[in-house]
Amino acid sequence: MAGFVAKKLCPQLIQIPLNFEKYTAKAQEVRKILVEYDPRFESASIDEAYLNVTNYCETHNIDPEEAVEQLRREVYEKTKITVSAGIAANAKLAKICSNMNKPNGQFRLANDRNVILAFMRDLPTRKVNGVGRVFERELDAIGVKTCGDIYAYRQYLAKLFGEKAFQFLMQCHLGLGRTKVQPAEEYERKSVGTESTFADMSGHVKLRDKLRWTAEELEKDMRRTGFKGRTLVLKVKLHTYEVFTRQVIPPKAVWLADDLYKYSVPMLAKLEQDFPGLRLRLMGLRCTHLVSMKKPDTMTFFGFKNRPEQPSNDDPETSKCKDSAPENDQWENWPDAEFEEAAREEQQEELEELEALSQLEEVDLRRHHGKEILPNPKRESDATPEEEWWDCPICLRPQATSEKEFNEHIDLCLSRQTIREAVQATAQGEQQFSRDGTPDFKKARNGSGQKRKDRGFVVAGDPKQRRLCFG
DNA sequence: GCGGATCAG
DNA sequence: ATGGCTGATCCGC
């Protein structure tokens, strides 16, 4: 409930300031328990998570209901937090079910078509994630109140609301939903932005000052998340509460306040033209079409293990999904244009990154906006005993303590050493690297036959290539 | 791709 | 009439 509403209803109410550090710490306590039930659970927010307990139920030979009862009891005993849960055949149904016995309860919907259809029949559309205030009213206006009502109106839905909405509604009717559950960090971020509301403001200088400040706020978040943006979006809310956005594509990917400001000022000027005497109550900046500033790590790229990484042995889901983890695909995911502009940007980038590094300690990690994405906690139950690593004599990186694996690694490492020497000696990677910068062995392993347009730049002369390959 | 709008948490 | 902020997605053009 909004604070000022509560205060009106309950004038003696004492309000305590927010403390996200506390909430995040508590959430981590809870997640340490969740990870024992599904190491690949998905945090949907600070207080919500999806778990696939199929494996847990099998290995512990218990019902989903028992497993979830036990999970909730364990969460309560260890953290004093009560939680509600829904158990169902997919994420959409589980979410709905989790609201059935709130607070501190659970509800299971049997994985049975007729049971599910019966459940949907009387379910108000608004209960489904994705149906909000507006869509609910629109559906209501044509006579659709429950998910059961949807089918009778199927011939109108696509025409009225579009094909996507039609597909969505039919899935609601049938109780269909996603079954894939994966750690939050495996989802790709699409934008980074910041906005703020203030007392009505007008005037060239004041608005530019506010824009400058907004740009500085955004730089902090770009720095923290490690992205640049190819597109820059300015958002304003007029004193009339009307919202407008304007966007530009700067000549280069941006993240520094100076650039964010420089390229957004013309948009503000345009708005001042469009709305003479512009009066604002909100201003925001957002970067989209993100480019990661985290360079593909050479060690990861060459397939070396990271010391803290645990080999996941007992979970078929984990091993199955491993190859789709984004960190293994970083090369493939690099946008083409990145290469196109790489050489031109290189010098500038170098300066900026040096500056970024020198200022890294000054970043205030407590007061930032934006979604917190933390990796799932490590599972207590498969904590590895200390010193279970052998250091490779060639690359000096820790390796698995299996005779066979270790020897295979050394073979690989020696061949890499040969490649490295060859490249360094000739300073011309044409033998080992294709023109698109993808090492041939990576291509072969990838095997997806992904095509990349030939940009025709010279590998040996590109400073980025030098750094990416053997940095 | 742009700009508006809806939705979730 | 119950706000502000961050981020995602969809639609029409």
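Per chain, numbering begins at 1; letters A, B, ... match sequence-line order.
A straight line from NE2 of H289(A) to P of dG3(B) spans 13 Å, rounded to a whole angstrom. Per the geometry, CG belonging to L160(A) stands 16 Å off C1' belonging to dG12(C), to the nearest Å. Atom NZ in K220(A) sits about 15 Å away from atom P in dC5(C), given to the nearest Å. If you take CD of E138(A) and C1' of dC7(B), they are 12 Å apart, rounded to a whole angstrom. When the P atom of dG7(C) is taken as reference, atom CZ of R189(A) falls 5 Å away, rounded to whole Å. The nearest whole Å value for the distance from the CZ atom in R137(A) to the C1' atom in dT6(B) is 15 Å. Between the CD1 atom of I96(A) and the C1' atom of dA8(B) there is a distance of 14 Å, given to the nearest Å. Rounded to an integer number of Å, the gap from Q247(A) CD to dG1(B) P is 9 Å.
R281(A) comes within 4.0 angstrom of the backbone, heavy atoms only, and of no base. Among the atoms of the strands shown, none is found under 4.0 Å from any heavy atom of V233(A). Within 4.0 Å (heavy atoms only), I46(A) reaches no atom of the nucleic acid at all. Looking at heavy-atom distances under 4.0 Å, R133(A) makes contact with sugar-phosphate atoms alone, never a base.
Between dT9(C) and K164(A), no contact under 4.0 Å exists linking OP1 or OP2 to a side-chain N or O. Contact annotation: R246(A) reaches the phosphate of dG4(B) (side-chain N/O to OP1 or OP2, under 4.0 Å). Between T231(A) and dG1(B) there is no side-chain N or O to OP1 or OP2 distance below 4.0 Å. Residue T245(A) places no side-chain N or O under 4.0 Å from the OP1 or OP2 atom of dC2(B). Phosphate contact (OP1/OP2 of dC11(C), side-chain N/O of K159(A), threshold under 4.0 Å): absent.
The listed nucleotides are dG4(C), dA8(B), dT6(C); the one nearest the side chain of R286(A) is dT6(C). In this structure, the nucleotide among dT6(C), dC2(B), dA8(C) sitting nearest to the side chain of I249(A) is dC2(B). Closest contact between the side chain of V134(A) and the listed nucleotides dG7(C), dG9(B), dC7(B) involves dC7(B). Picking from dG4(C), dG4(B), dC5(C) the nucleotide with the shortest atom distance to the side chain of S196(A) gives dC5(C). Comparing atom distances between the K190(A) side chain and each of dA8(C), dC5(C), dT6(B) picks out dA8(C) as nearest. Nearest nucleotide to the side chain of N129(A), out of dG4(B), dG7(C), dG9(B): dG9(B). Checking dG4(C), dA8(B), dG7(C) against the side-chain heavy atoms of K237(A) singles out dG4(C) as nearest.
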Mind running side-chain contact (heavy atoms from CB on, under 4.5 Å) on N52(A) and R40(A) for me, showing each step along the way? CA-CA 8 Å; N52(A) 182 345; R40(A) 289 184 46 78; over 6 Å; no
In sequence, state the C-alpha distance, the side-chain angles, and the governing distance for D63(A) and R108(A), and then conclude on salt bridge (charged side-chain N to carboxylate O under 4.0 Å, His left out). CA-CA 11 Å; D63(A) 291 350; R108(A) 181 182 186 187; 5.6 Å; no
Before you tell me yes or no, could you show the steps for Y187(A) and E42(A) under side-chain contact (heavy atoms from CB on, under 4.5 Å), namely the whole-Å CA-CA distance, both residues' side-chain angles and the distance that decides it to 0.1 Å? CA-CA 10 Å; Y187(A) 288 97; E42(A) 177 172 330; 3.2 Å; yes
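Under 3.5 Å, the side chains of Y23(A) and Q28(A) contain no donor-acceptor pair of N or O atoms.
K235(A) pairs with exactly one of L285(A), V243(A), T214(A) by the side chain to side chain contact (heavy atoms under 4.5 Å, CB included) rule, that one being V243(A).
Taking the ring centroids of F161(A) and F135(A), they lie under the 6.0 Å cut-off.
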